[in-house]
Amino acid sequence: MEAPSSAQADRAWSELLAAIGRMPLPGGSFRHIDPKHPDALRIAPGAPPESRELLSLYLPLCRGGASGAEWLVGHLGQSLNGCIATHAGESCFVTGPENIAHLHRMRALCDAVLVGAGTVQKDDPRLTTRLVPGPNPLRVVLDSRRRLGTDYRVFRDGAAPTLLCTVQGPYDRHGQAEVMGVPPQTANLSQMDLGGLLALLRRRGLRRLFIEGGGVAVSRFLAAGLLTRLQVTIAPVIIGEGTPGLRLPRLDRLEAAVRPPARQFRMGADVLFDLDLAGVHATTGQPAS
Ligand SMILES: NC(=O)c1ccc[n+]([C@@H]2O[C@H](COP(=O)([O-])OP(=O)(O)OC[C@H]3O[C@@H](n4cnc5c(N)ncnc54)[C@H](OP(=O)(O)O)[C@@H]3O)[C@@H](O)[C@H]2O)c1
């Protein structure tokens with residue numbers, strides 16, 4: 001698959017990577033980002049619409065430059081009936097090429113991309129930035145019970161380092177991947193404690209985290225009130241009964257549902273909803289503690 005591109009948006013993307021110290025700027029000076037505001041990162045007054053759209057999506061994650069705020073963003077690409085894959089687990093591709101390019105950009109902006117064991121098992125993803133300029137992040141696989149074998153690409157292709165997180169020893173290497181033991185939840189010893197996981201990742205200098213699926217992984221972080229933003233891309237496709245995206249506790253009353261501040265971005269035929277969860281606990285509608 002090739003990423004759809006426009007010269008203006010490609011240039012804006014390169015400037016953004018340069019502004020946050022992830023890549024050198026190829027030739028010339030900033031034209032799409034206002035150099036008068038290097039910390040606040042603003043769109044230059046004369047920037048064309050394609051680059052404005054791209055920058056307005058990513059700038060909130062990049063403010064503060066290389067030492068900017070920590071974030072934990074989850075993404076799911078789903079059908080109109082809320083499925084991220086067929087019942088057999090086929091998900092390549094629910095959303096279109098513009099959204100896939102977006103996932104590669106998110107990988108380039110984060111320190112680590114996280115996926116659940118189910119995603120590795122069904123998709124055997126590479127989790128690299130091969131469709132866009134930008135560095136590969138650390139690949140983190142969440143496999144509490146250490147059920148995955150070593151034959152998946154993330155454990156053997158060497159394209160980027162991989163960290164397997166588990167509560168189940170032994171903690172020796174897993175193919176080419178490093179294995180990190182995570183403390184279990186006190187209420188469920190076979191599940192990892194997500195706060196403990198994040199503390200361990202932070203200790204390794206990993207501060208900007210992107211959870212790329214699947215539904216279980218994103219839902220657990222959302223239910224724990226740990227996501228800074230949730231991105232859900234909706235494709236105009238109807239899948240029969242399939243793999244659900246978000247799985248959350250039931251609510252009886254609609255007034256208890258949370259409607260976080262949301263922005264929308266067109267991605268080809270799809271629409272991405274970018275929800276700002278800072279300050280709100282999405283499963284309860286209560287302010288985050
Ligand atoms: N459309 C999309 O955006 C998208 C993205 C990714 C994947 N997919 C599709 O979604 C399907 C996989 O999704 P899924 O929801 O079934 O599985 P998943 O979230 O990828 O993985 C679920 C498993 O991973 C482990 N895990 C996940 N999060 C964890 C956490 N926070 N802490 C500890 N362990 C965690 C658990 O393993 P244990 O039960 O062993 O503890 C859990 O059962 C595949 O069909 C894939 O193709 C779609």
Side-chain angles (χ1 to χ4, degrees), residues 72-104 106-107 112-127 139-149 152-154 163-169 174 179-201 209-227 230-248 267 270-273 283:
L72 181 59
V73 177
H75 178 277
L76 290 172
Q78 68 181 44
S79 65
L80 288 172
N81 59 323
C83 293
I84 59 167
T86 66
H87 76 99
E90 197 178 306
S91 71
C92 295
F93 293 95
V94 175
T95 54
E98 292 83 357
N99 181 243
I100 304 304
H102 164 68
L103 296 180
H104 285 236
M106 287 299 297
R107 293 173 188 171
V113 56
L114 284 69
V115 289
T119 296
V120 173
Q121 195 170 36
K122 292 287 184 190
D123 297 351
D124 195 12
R126 283 175 276 181
L127 303 175
R139 304 177 291 190
V140 176
V141 177
L142 307 174
D143 186 8
S144 304
R145 291 174 285 148
R146 203 164 171 180
R147 62 177 152 110
L148 294 172
Y152 296 99
R153 289 195 278 212
V154 286
L163 183 66
L164 176 72
C165 297
T166 182
V167 295
Q168 190 80 53
H174 191 82
V179 177
M180 183 171 84
V182 178
Q185 295 174 8
T186 36
N188 182 349
L189 293 179
S190 67
Q191 283 282 320
M192 66 181 78
D193 176 64
L194 294 185
L197 167 71
L198 296 180
L200 288 170
L201 295 177
L209 308 175
F210 180 48
I211 307 165
E212 205 179 297
V216 170
V218 173
S219 300
R220 284 189 190 166
F221 283 99
L222 179 64
L226 293 170
L227 291 185
L230 174 64
Q231 298 179 341
V232 177
T233 302
I234 299 181
V237 59
I238 300 168
I239 301 176
E241 187 179 336
T243 306
L246 296 177
R247 299 158 219 200
L248 297 169
M267 295 192 165
D270 307 333
V271 179
L272 178 143
F273 288 86
T283 52

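Both counts, for ligands and for their atoms, begin at 1 and track the order of listing. Counting from 1, the numbers follow the sequence of the chain as shown.
Using a 4.5 Å heavy-atom threshold, the side chains of F221 and L72 count as touching. The side-chain heavy atoms of L200 and M180, taken from C-beta on, include a pair separated by under 4.5 Å. Residues V216 and R247 have side chains in contact (heavy-atom distance under 4.5 Å, counting atoms from C-beta outward). Residues L127 and V154 are in side-chain contact: their nearest non-hydrogen atoms beyond the backbone lie under 4.5 Å apart.
Counting protein heavy atoms only, atom 21 (O) of ligand 1 is closest to G118 N, 3.0 Å. Ranking protein heavy atoms by distance to atom 25 (C) of ligand 1, first place goes to L142 O, 3.3 Å. Ranking protein heavy atoms by distance to atom 24 (O) of ligand 1, first place goes to A117 N, 2.9 Å. In terms of protein heavy-atom proximity, atom 11 (C) of ligand 1 is closest to T243 CG2, 4.2 Å. Among protein heavy atoms, atom 29 (C) of ligand 1 sits closest to R220 NH1, 3.4 Å. For atom 38 (P) of ligand 1, the closest heavy atom belonging to the protein is R145 NH2, 3.4 Å. For atom 18 (P) of ligand 1, the closest non-hydrogen atom of the protein is G214 N, 3.5 Å. Ranking the protein heavy atoms by distance from atom 1 (N) of ligand 1 puts G77 O, 2.8 Å first.
Atom numbering of ligand 1 starts at 1 in the shown order; those under 4.0 Å from a heavy atom of V216 are 15 (O), 19 (O), 22 (C), 42 (C). Those atoms of ligand 1 with a heavy atom of S91 less than 4.0 angstrom away are 8 (N), 9 (C), 46 (C), 47 (O), 48 (C). Proximity to A85 (heavy-atom distance under 4.0 Å) selects the following atoms of ligand 1: 45 (O). Of all atoms in ligand 1, numbered sequentially from 1 with element shown, those under 4.0 Å from a heavy atom of G215 are 13 (O), 14 (P), 15 (O), 19 (O). Atoms of ligand 1 lying under 4.0 Å from any heavy atom of G116, numbered from 1 in the order shown and given with element: 18 (P), 20 (O), 21 (O), 24 (O), 27 (C).
A donor-acceptor contact closer than 3.5 angstrom links the side chains of R147 and Q121. One side chain, T233 or N99, offers a donor N or O that lies under 3.5 Å from an acceptor on the other. In summary, the side chains of H87 and T243 do not present any donor paired with an acceptor at a separation below 3.5 Å, with no hydrogens or angles considered.
For a threshold of 3.5 Å applied to N or O pairs, the pair formed by D123 and ligand 1 contains at least one separation below that value. Considering backbone and side-chain atoms alike, H75 places every N or O at 3.5 Å or more from each N or O of ligand 1. Residue-to-ligand polar distances keep L76 apart from ligand 1: every N/O pair is separated by 3.5 Å or more. By the 3.5 Å distance cut-off applied to N or O atoms, L194 is not counted among the residues near ligand 1. Considering both main-chain and side-chain atoms, F221 never comes within under 3.5 Å of ligand 1 through any nitrogen or oxygen pair.
Under a 3.5 Å cut-off, the side chain of D193 and the backbone N or O of P183 do not form any donor-acceptor pair. S219 places a side-chain N or O within 3.5 Å of a backbone atom of G215 that can act as its donor or acceptor partner.
The heavy atom nearest to atom 34 (N) of ligand 1, out of those in G89, S144, A235, is found in S144. Considering each of Q231, E90, H87, E212, the one bringing a non-hydrogen atom nearest atom 5 (C) of ligand 1 is E212. Scanning M192, Q121, R247, K122 for the heavy atom closest to atom 16 (O) of ligand 1 points to R247. One option in G74, G245, A217 has a heavy atom closer to atom 19 (O) of ligand 1 than any other, and that option is A217.
Here I84 has heavy atoms under 4.0 Å from ligand 1 in both its backbone and its side chain. Residue contacts with ligand 1 for R147 involve side-chain atoms from C-beta outward but no N, CA, C or O (heavy atoms, distance under 4.0 Å).
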Inset, instruction - Starting from the C-alpha separation in whole Å, work towards a yes-or-no answer on salt bridge (Lys or Arg N to Asp or Glu O under 4.0 Å) for E90 and K122. - result: CA-CA 7 Å; E90 197 178 306; K122 292 287 184 190; over 6 Å; no
Inset, instruction - Just do the side chain to side chain contact (heavy atoms under 4.5 Å, CB included) check on E212 and M106 with the steps written out, would you? - result: CA-CA 9 Å; E212 205 179 297; M106 287 299 297; over 6 Å; no
Legend entry - side chain to side chain contact (heavy atoms under 4.5 Å, CB included) between V232 and H75, intermediate numbers included: CA-CA 6 Å; V232 177; H75 178 277; over 6 Å; no
Inset, instruction - Please lay out, stage by stage, how L230 and F273 fare under the test side chain to side chain contact (heavy atoms under 4.5 Å, CB included). - result: CA-CA 8 Å; L230 174 64; F273 288 86; over 6 Å; no
Inset, instruction - Could you please spell out the steps behind the side chain to side chain contact (heavy atoms under 4.5 Å, CB included) verdict for L142 and M192? - result: CA-CA 9 Å; L142 307 174; M192 66 181 78; 4.2 Å; yes
